[in-house]
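Read through the structure below, which is laid out as structure tokens, and then see the notes.
Fair warning: this is a prediction, and the values are worked out from it, not measured in the lab.
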Amino acid sequence: MLIKKSTICSFILPSLILCTVIVLHNLNKSNSFTSITPKQSLIKHNQSAIYQVTKDNSQHVIGSNEEKACDLFVGKWIRDFRESNYNNWTCPTLPTLKNCLKHGKDSDYIYWRWKPDNCEFPRFDSSMFLRTVQRRKLAFIGDSLARNQMESLLCLLSQLETPVNKQRDADDKFQTWYFPSHDFTLMVMWTEFLVVGNERIVNGTASNAFDIHLDKVNGNWSDKLEGIHYAIISSGNWFFRTNYLYKGGNLIGCIYCRDSNLTDYGPVYAIKNALSTSLEFISKSKECEEMVTVLRTYTPSHFEHGSWFNGGYCNRTQPLSESEVMSLNGHAWRIRESQVEEFGKIVQSVEKKKKFVLLDVSKAMMLRADGHPGSHWPRIRDISDCLHWCLPGPVDLWNELLMVILNK
């Protein structure tokens with residue numbers, strides 16, 4: 001969902017951590033978001049309503065002729081010394097891998113809030129959210145960062161109602177939670193790439209490289225969409241490894257391979273094509289006609305001087321400046337741009353009854369190098385986690401924005 005000054009586009013729209021993420025150090029360092037103005041970053045479509053957040057923090061839909069509106073995704077982090085909505089004592093479902101305060105992280109990183117440039121928007125309201133999703137089903141679809149958002153939402157909502165765990169596999173990749181007082185079901189469905197990805201087995205051992213079929217949607221989630229009212233999809237981080245790319249069943253190239261006979265397309269190409277396949281599947285699926293599809297844009301890791309397994313760390317104590325983001329994570333904006341491009345194509349092509357919404361958190365999260373567990377988690381072999389997000393922490397912003405989107 002995008003809101004701008006005069007016309008807005010409102011789209012009618014663990015395995016443990018070590019097993020769910022992979023080396024992210026072979027990244028292209030070009031194209032920082034600082035070179036793109038907010039106006040350039042907006043998708044423009046001819047839609048009939050604007051989502052307005054007023055000065056008194058109320059929200060409502062207004063006509064397209066309304067002048068005062070803003071883009072919630074363009075802004076900055078400012079100091080806010082109010083306590084978070086929950087903590088490691090009040091959230092019974094908070095996973096120990098994200099419980100940074102328990103493992104000694106200084107709490108200073110909590111006292112920041114996202115401030116859009118031209119408006120305010122409200123803090124998360126559990127009562128409002130649960131009223132909005134009453135008698136509904138919401139699913140997060142993606143990798144361990146999709147699960148990270150689900151864990152945040154569980155903590156936020158549990159301040160009002162204790163959820164009941166209905167289903168949970170051994171690796172926490174597929175979970176179902178139920179809020180009986182509101183008849184609300186919250187789910188997470190695991191998929192590394194959104195499309196089919198099969199790990200290559202070499203001499204009976206997993207190789208950590210995948211065969212990715214860019215034109216085949218993964219049935220792990222696509223077969224389970226019937227009855228889902230809200231689907232929040234995301235992907236990106238599993239593409240940063242040696243992978244082999246297929247279309248039509250034929251090997252067409254790779255990512256980070258050393259095969260002189262194959263074209264190395266890089267991760268951006270693969271992420272864009274996998275997303276295109278997934279969005280097109282949803283747009284044509286009869287089971288998704290009443291479903292709101294929310295695309296959560298890419299968020300990068302903040303490793304410095306290495307990565308997961310070669311000494312990388314993240315010890316920042318406050319949000320980055322935009323100039324620092326340029327040197328650390330310029331590649332992330334290229335990925336975000338490719339996702340927004342594919343999203344724009346699908347919004348223009350689908351029937352009006354299909355609803356697609358953008359949850360554009362890339363810029364906000366690129367700045368928050370201080371919000372990861374780093375060394376403040378149950379570490380194995382002295383490894384830091386600079387990909388996932390502490391709870392409570394900056395990731396809660398994703399659900400504050402989601403609340404505004406769904407409440408519309």
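Residue Met150 comes nearest to Phe140 through the heavy atom pair CB-CD1, 3.5 Å, listed as atom of the first residue, atom of the second, then distance. Between Thr317 and Asp370, the shortest heavy-atom contact is C-CB, 3.8 Å. Nearest heavy atom pair, residue Leu214 against residue Thr277, reads O-OG1, 2.5 Å. The minimum heavy-atom distance linking Asn220 with Trp190 is given by the pair CB-O, 3.9 Å. Residues Leu358 and Ile405 come closest through the heavy atom pair O-CD1, 3.9 Å. Residue Phe210 comes nearest to Asn243 through the heavy atom pair N-OD1, 3.1 Å, listed as atom of the first residue, atom of the second, then distance.
Checked for salt-bridge contact, Arg123 and Asp125 miss the test: no charged N lies under 4.0 Å from a carboxylate O. Remark: Glu342 engages Lys345 in a salt bridge, criterion side-chain N to carboxylate O under 4.0 Å. Arg113 and Glu120 are joined by a salt bridge, as a carboxylate oxygen and a charged side-chain nitrogen come within less than 4.0 angstrom of each other. Glu324 has a carboxylate O that lies under 4.0 Å from a charged side-chain N of Arg316, or vice versa, which qualifies the two as a salt bridge.
Listed by chain and number, the residues in a side-chain hydrogen bond (donor to acceptor under 3.5 Å, both in side chains) with Tyr265 amount to none (sequence neighbours excluded). Residues satisfying the side-chain hydrogen bond (donor to acceptor under 3.5 Å, both in side chains) test with Trp77, not counting sequence neighbours, are none.
The line from CG of Leu245 to CG of Asp215 is 11.0 Å long, rounded to the nearest 0.5 Å. Considering CD of Gln159 and CG of Leu157, their distance stands at 9.0 Å, rounded to 0.5 Å. In this structure, the separation between NE2 on His182 and OG1 on Thr132 is 10.0 Å, given to the nearest 0.5 Å. Interatomic distance, Glu290 CD to Lys354 NZ, rounded to the nearest 0.5 Å: 10.0 Å. In this structure, Thr299 OG1 and Gln149 CD are separated by 9.5 Å, a value rounded to the nearest 0.5 Å.
The side-chain heavy atoms of Leu387 and Asp385, taken from C-beta on, include a pair separated by under 4.5 Å. Residues Phe73 and Ser362 form no side-chain contact, since every pair of their non-hydrogen atoms from C-beta on lies 4.5 Å or further apart.
Using a 30° and 60° split on the angle between ring planes, His372 and His302 fall in the tilted class, from 30° to 60°. Ring planes of Tyr256 and Phe240: tilted class, angle from 30 to 60°.
Judged purely by atom type and a 3.5 angstrom limit, Ser276 has no side-chain atom pairing as donor or acceptor with the backbone of Lys272. The closest donor-acceptor contact from the side chain of Ser207 to the backbone of Ala209 lies under 3.5 Å.
Between the side chains of Tyr109 and Gln318, not a single donor N or O lies within less than 3.5 Å of an accepting N or O.
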